[in-house]
Structures are given as structure tokens and as C-alpha cells.
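Okay, so here's the structure we're looking at.
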Amino acid sequence: MPSAFDVVVIGAGPAGAVAALRAADLGARTALVARDRFGGMAANDGPVPVRTLAHAARLVREARQLDRYGICAGEPVVDYPRLLARVREVVDHVGRESALRGQCESAGVVIHENAGAARFVAPHTIETANGLRLDAESIVLCTGGTNRRLSVPGVELTSTHSDAWALTSVPPSMLVIGAGATGVQVASIFHAFGTHVQLFQAGARILPTEDEDVAAEVTDAFRAAGITVRTDFGVIESFEKTASGLRMIVSRDGDRSTAEAALAVVAIGWVANTAELGLDVAGVAADERGRVRVDDYLRTSAPHVFAAGDVTGHLMLVPQALEEGYVAGTNAVRGAVLPRTEHVSPIGSFTDPEYAQVGLGEAQARAELDALVTVIRLDAGTRAIIDGRTSGFCKLIVDRTTSRVVGCHVVGDRAVDIVQLAAIAISAGMTVDELARVPFSFPTYAGVLGRAATTAARTLRRDRAWRAPDVE
Ligand SMILES: Cc1cc2nc3c(=O)[nH]c(=O)nc-3n(C[C@H](O)[C@H](O)[C@H](O)COP(=O)(O)OP(=O)(O)OC[C@H]3O[C@@H](n4cnc5c(N)ncnc54)[C@H](O)[C@@H]3O)c2cc1C
Ligand SMILES: NC(=O)c1ccc[n+]([C@@H]2O[C@H](COP(=O)([O-])OP(=O)(O)OC[C@H]3O[C@@H](n4cnc5c(N)ncnc54)[C@H](O)[C@@H]3O)[C@@H](O)[C@H]2O)c1
């Protein structure tokens with residue numbers, strides 16, 4: 001019997017929505033199956049709501065600066081239920097404005113929202129928890145991931161970042177376990193709201209995938225602000241209930257210690273959402289974290305099944321999910337014709353201070369090429385001084401042989417936006433003197449990048465820039 005659809009996409013986050021849109025644009029009869037709401041974790045449980053909390057944290061910090069600028073106001077107080085109402089408003093608004101949903105609908109994608117979890121019941125057939133059954137020539141898996149859980153006694157007492165949406169008030173104290181992108185954001189946001197935060201990181205430093213100086217600067221800033229940062233703390237043995245929350249028991253080299261708080265948020269990484277997909281039925285192979293194994297064309301071990309986004313375990317970010325969705329959607333219709341490419345990938349997080357990176361880190365650059373590393377601290381920046389936000393730095397890395405910009409790492413206000421500009425320079429293959437000749441508006445946060453570029457260009461004697469190096 002012919003399949004009802006050419007392509008069925010499972011999961012309607014950024015990867016799934018783009019995969020479905022692309023397949024439909026190529027003329028395929030396409031269905032998109034969402035367990036819950038359209039938009040996925042990205043729109044409903046990740047960047048959009050968490051960024052809204054981060055914005056509230058920024059407002060609290062800025063309110064605390066009012067006095068410095070001669071504006072009289074009291075100490076800000078967070079009304080958490082009202083903040084959550086604002087988060088829901090933002091999530092709904094972003095959902096209504098989703099360009100992808102409209103584009104999918106007008107391209108003819110049949111969207112099944114709130115369909116329940118889908119699973120394979122035959123190699124070309126999926127069924128959802130709500131009884132929907134669909135056949136397709138090709139299937140694209142875009143089911144994203146979920147928080148990795150600890151396996152120690154008492155783990156049921158712990159929370160994840162998603163539990164923030166169910167809190168009724170700002171907790172007085174919190175243990176945050178894991179200091180990757182999620183953990184540091186949770187720590188920074190709730191610290192700004194007044195929670196006493198203790199951050200526990202298994203390795204030698206927080207943010208292990210960031211440049212070492214970035215991790216050190218964020219650590220110093222967190223500690224100066226009053227967040228307890230504990231690295232190399234040992235091994236978590238268990239959690240137990242206390243009258244006011246819970247106690248974590250850890251051991252290190254035979255020594256036991258405890259930490260107590262009202263809440264413990266575990267953010268120790270991400271596992272793919274594949275446990276319930278019935279991958280075996282379709283002959284799709286996954287690794288030990290459930291991540292679907294794919295080739296360069298995002299084709300799985302079953303030739304008619306493709307996968308895109310967090311479920312593959314590649315760089316787990318929205319821009320990458322969008323791109324992988326496009327590649328998988330194309331190949332699901334046309335066969336394996338379009339390979340995925342490694343792009344310049346700006347990464348950043350909305351903590352206080354913000355941090356962001358693109359391209360090579362200093363250690364990698366020094367190992368791989370003749371690197372020129374230029375660091376400009378923000379305390380000398382005009383805009384940073386104006387705004388009273390002078391902590392942090394911009395590190396620009398240039399290949400001395402080609403004079404090309406190969407990396408940029410920023411800690412401080414607007415780090416994510418500054419690094420985005422460096423990403424454009426790296427994508428365009430710009431030399432550092434070409435970047436230095438770009439006029440940067442004055443006085444802006446981005447000006448620090450121009451200043452780093454001008455300084456580096458002068459060091460390399462490629463100083464045909466018209467600007468004096470100390471002007472941002
Ligand atoms: C706290 C947090 C903050 C983040 N902040 C950022 C950020 O600032 N910038 C950034 O770029 N990235 C950020 N990310 C990462 C980003 O959210 C992910 O990379 C992105 O959502 C991946 O998109 P996706 O389409 O692969 O999966 P998802 O967005 O996870 O969507 C997958 C969808 O599939 C559904 N699904 C799962 N199983 C099934 C099934 N069996 N049947 C049907 N549907 C199913 C899920 O319910 C979900 O709706 C953040 C992540 C977290 C956790
Ligand atoms: N751009 C953003 O703002 C943003 C925000 C959140 C998440 N994300 C994406 O989501 C993905 C998952 O992020 P994440 O932070 O959840 O995971 P992660 O894997 O990036 O970080 C987990 C951290 O927990 C530590 N850890 C592991 N086991 C531990 C233990 N037993 N005790 C203490 N620490 C332990 C790890 O060393 C690591 O530093 C990332 O790939 C990231 O790109 C992005």
C-alpha cells in the first residue's frame with residue numbers, strides 16, 4: 001500500500017519545523033508530529049522562557065544601579081508569580097508570531113500538535129500516544145533532548161531547570177549541580193533574584209568548553225557577587241530530605257561533607273529523547289546517551305530515516321538545529337545529496353556577566369597556528385564606563401600568517417552581541433586590518449571589538465586603519 005505521506009517529521013522544535021518546511025517546499029507530502037506544543041523545547045522550556053528570566057535578572061541589577069545615577073527607588077523585590085505570568089505571556093506571544101508555523105501551514109505541512117509521544121511500530125509507520133498512526137516513505141527524527149539525571153539515592157528530591165516554571169516563590173537557597181551553559185544561567189538568574197546559590201562543578205573549572213580566561217573571569221565575578229563556586233568537589237553520594245529542603249552528601253578522597261538548601265537543580269548535561277521512539281523497530285542505531293548516529297547527510301543506520309538537531313548530539317543550539325533541519329528535510333526528499341557543514345558557531349549565555357565565544361580558543365589557536373592574542377579589558381571602554389558595567393574583556397585571536405581573525409571571546413555586558421560581529425568577520429574571512437577599518441559606532445559595547453582589531457592590526461604592522469587604537 002502506498003504511504004500516505006512522503007515525509008513524516010517527529011518533533012516540532014526548530015529542527016523539526018525547518019525539516020518539515022523544507023520537505024514540503026520540495027513538493028513532498030509532509031506531516032509534522034509534535035508530542036506537545038509547536039516550537040519545541042526552544043520556544044517553550046529553553047531559550048525563550050529562560051531568556052525572559054535572564055531579562056528579569058538584568059532588570060533587577062539595573063534597578064540596583066538607579067541610586068548611582070541619582071534616581072531614587074527602593075530595593076527591587078521579585079514577585080515570582082507575576083514574573084512567571086510574564087514568562088507565559090512571552091512564550092505565547094513568541095508562539096503566535098512564529099514565522100515557521102505560518103510558513104509550514106502555507107507550504108501544506110499537516111501539523112499534528114499535542115499528539116503525544118510518537119514511536120515506530122514498523123520501519124515506515126509511527127504511532128503516537130494519542131493513537132495517531134502515520135505511514136511515510138521517509139521519517140525525520142527531531143525529538144531533541146532532556147536533562148541527564150544523576151543516579152544516586154534521593155535523586156527524586158532534586159529538580160531541573162524546567163521546575164522553575166512550577167515554583168511559587170523565589171527559593172531562599174539553591175544548590176546548582178553542573179556548571180555548563182544551563183547551570184551557570186540558573187545560578188546567575190536566581191542569585192539576582194536573591195537566592196543564596198552554591199554552584200558545584202565536577203571538573204577543575206566551570207564552563208569547561210569556554211576559553212580558560214573566560215571561565216576564570218566568570219568564576220571571579222560569580223564569587224565577587226556572592227555565589228559560592230565549588231569545583232572538583234568530589235562525588236555526590238546521595239540527597240536526603242531536611243525540614244527546609246534537602247541535604248547533598250558528597251565525598252572527596254574519603255572525606256565526607258554536606259551542603260543544604262531549599263532546592264537542588266541538576267544541570268549535568270543532556271541526553272537525547274529517543275528512549276521511547278522504538279528505534280530498534282526501524283533499525284536506527286543510537287549511542288550510549290541515546291543520541292541518534294548519523295552520517296554527514298544526517299542519514300541514520302536506516303537509509304529512510306534521518307535525524308536533526310539536539311537528538312544527534314552535535315552542537316546543541318538553535319541555529320545548528322535550524323540548519324540541520326534544512327539538511328535532513330532536503331535529504332529525506334531527494335536522497336543523500338546535501339552534506340551538513342561545519343560553520344562558524346557563535347555560542348554565548350545570558351549570565352551576569354555574559355560570556356560568548358566564536359572560533360578557536362587561545363589554547364587551541366596557540367597549538368595549531370602562530371597566534372596573536374589581543375586582550376582589551378572593558379574597564380577602559382567608554383560605553384562600559386558610562387553604563388557602570390566595566391567588568392570583563394574582549395580577547396581577539398588572529399593568525400599571524402594570514403592576518404585573519406580566527407577567534408573571539410568576550411566576558412561582560414553584551415558579550416553575545418559583540419561576538420556575533422566577530423562571527424561575521426570570521427565567516428567573511430576578514431583580515432584583522434579589514435575589521436579594524438570598519439567604523440564602529442561610538443560609544444557602543446561593540447566598540448571594544450574595533451579597539452581589539454585596531455590594536456592587533458598595529459602589532460602586525462597592518463595599521464592602515466584610520467582610527468587611533470585607543471578610540472572605541
Ligand atoms: C535552559 C536552556 C537554555 C538554552 N538556551 C539557548 C540559547 O540561548 N541559545 C541557543 O541557541 N540554544 C539554547 N539552548 C539549546 C536549544 O534549546 C536547543 O539546541 C534546541 O531547542 C534544539 O532544537 P531541536 O529542534 O533539536 O529540539 P527541541 O527544541 O528540544 O524540540 C524537540 C521537540 O520534540 C518533541 N518530542 C520529543 N520526543 C517526541 C516524540 N517521541 N514524539 C513527538 N515529539 C517528541 C519534544 O517534546 C520537543 O517539543 C538552550 C537549552 C536549554 C536547556
Ligand atoms: N546558549 C545557551 O545559552 C545555552 C543554555 C543552556 C543550554 N545550552 C545548550 O544545551 C546543552 C546542554 O547544556 P547543559 O549545561 O545542560 O549541559 P553541559 O553538558 O553543557 O554541562 C554540564 C556540566 O555539568 C558538569 N557535570 C557533569 N556531571 C556532573 C556531576 N555529577 N556533578 C557536577 N557537575 C557535573 C559537566 O562537567 C559540565 O560542565 C549544551 O550543549 C548547550 O549548548 C545552551
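When reading the values below, keep in mind they use all heavy atoms of this one structure, side chains included, and skip hydrogens, waters and symmetry mates. Just follow the structure's listing: the first ligand is 1, and inside any ligand the first atom is 1.
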- [ ] May I ask whether L317 has any heavy atom positioned less than 4.0 angstrom from an atom of ligand 2?
- [x] yes
Task: Heavy-atom nearest neighbour in the protein, as seen from atom 13 (O) of ligand 2, with distance rounded to 0.1 Å - done: T182 OG1, 3.5 Å
- [ ] Give the single entry among G348, A54, A181 that approaches atom 1 (N) of ligand 2 most closely by any heavy atom.
- [x] G348
- [ ] Among all protein heavy atoms, pick the one closest to atom 10 (O) of ligand 2 and tell me residue, atom and distance.
- [x] M316 O, 4.0 Å
Open item on the list: Taking only non-hydrogen atoms of E276, do any sit less than 4.0 angstrom from ligand 1?
Closed with: no
Open item on the list: Please confirm whether R148 approaches ligand 2 to less than 4.0 Å, judged on its heavy atoms.
Closed with: yes
Task: NZ/NE/NH1/NH2 to OD/OE distance under 4.0 Å, R58 and D413 - done: yes
TODO: State which residues pass ring pair (Phe, Tyr, Trp, His ring centres under 6.0 Å) with F200; sequence neighbours excluded, sorted by chain then number.
DONE: F233
- [ ] Check whether any heavy atom of G145 sits under 4.0 Å from an atom of ligand 2.
- [x] no
Open item on the list: Between E324 (side chain only) and G309 (backbone N and O only), is there a donor and an acceptor less than 3.5 Å apart?
Closed with: yes
Open item on the list: Measuring from non-hydrogen atoms of V50 to any atom of ligand 1, is the shortest distance under 4.0 Å?
Closed with: yes
Open item on the list: For atom 33 (C) of ligand 2, tell me which residue out of A202, A267, A215 has the closest non-hydrogen atom.
Closed with: A202
Open item on the list: Taking a cutoff of less than 4.0 Å between a non-hydrogen atom of the residue and any ligand atom, is F233 in contact with ligand 2?
Closed with: yes
Open item on the list: Just to check, does L150 reach to within less than 4.0 Å of ligand 2 when the distance is taken from its heavy atoms?
Closed with: yes
TODO: Starting from atom 36 (C) of ligand 2, find the nearest protein heavy-atom neighbour and note its residue, name and distance.
DONE: Q201 NE2, 3.8 Å
Task: Nearest candidate to atom 17 (O) of ligand 2, where distance is taken over non-hydrogen atoms, out of S151, G180, G46, G269 - done: G269
Open item on the list: For ligand 1 and I10, I'd like to know whether there is a polar contact (N/O to N/O, distance under 3.5 Å).
Closed with: no
Task: Closest protein heavy atom (residue, atom, distance) for atom 12 (C) of ligand 2 - done: W270 CB, 4.0 Å
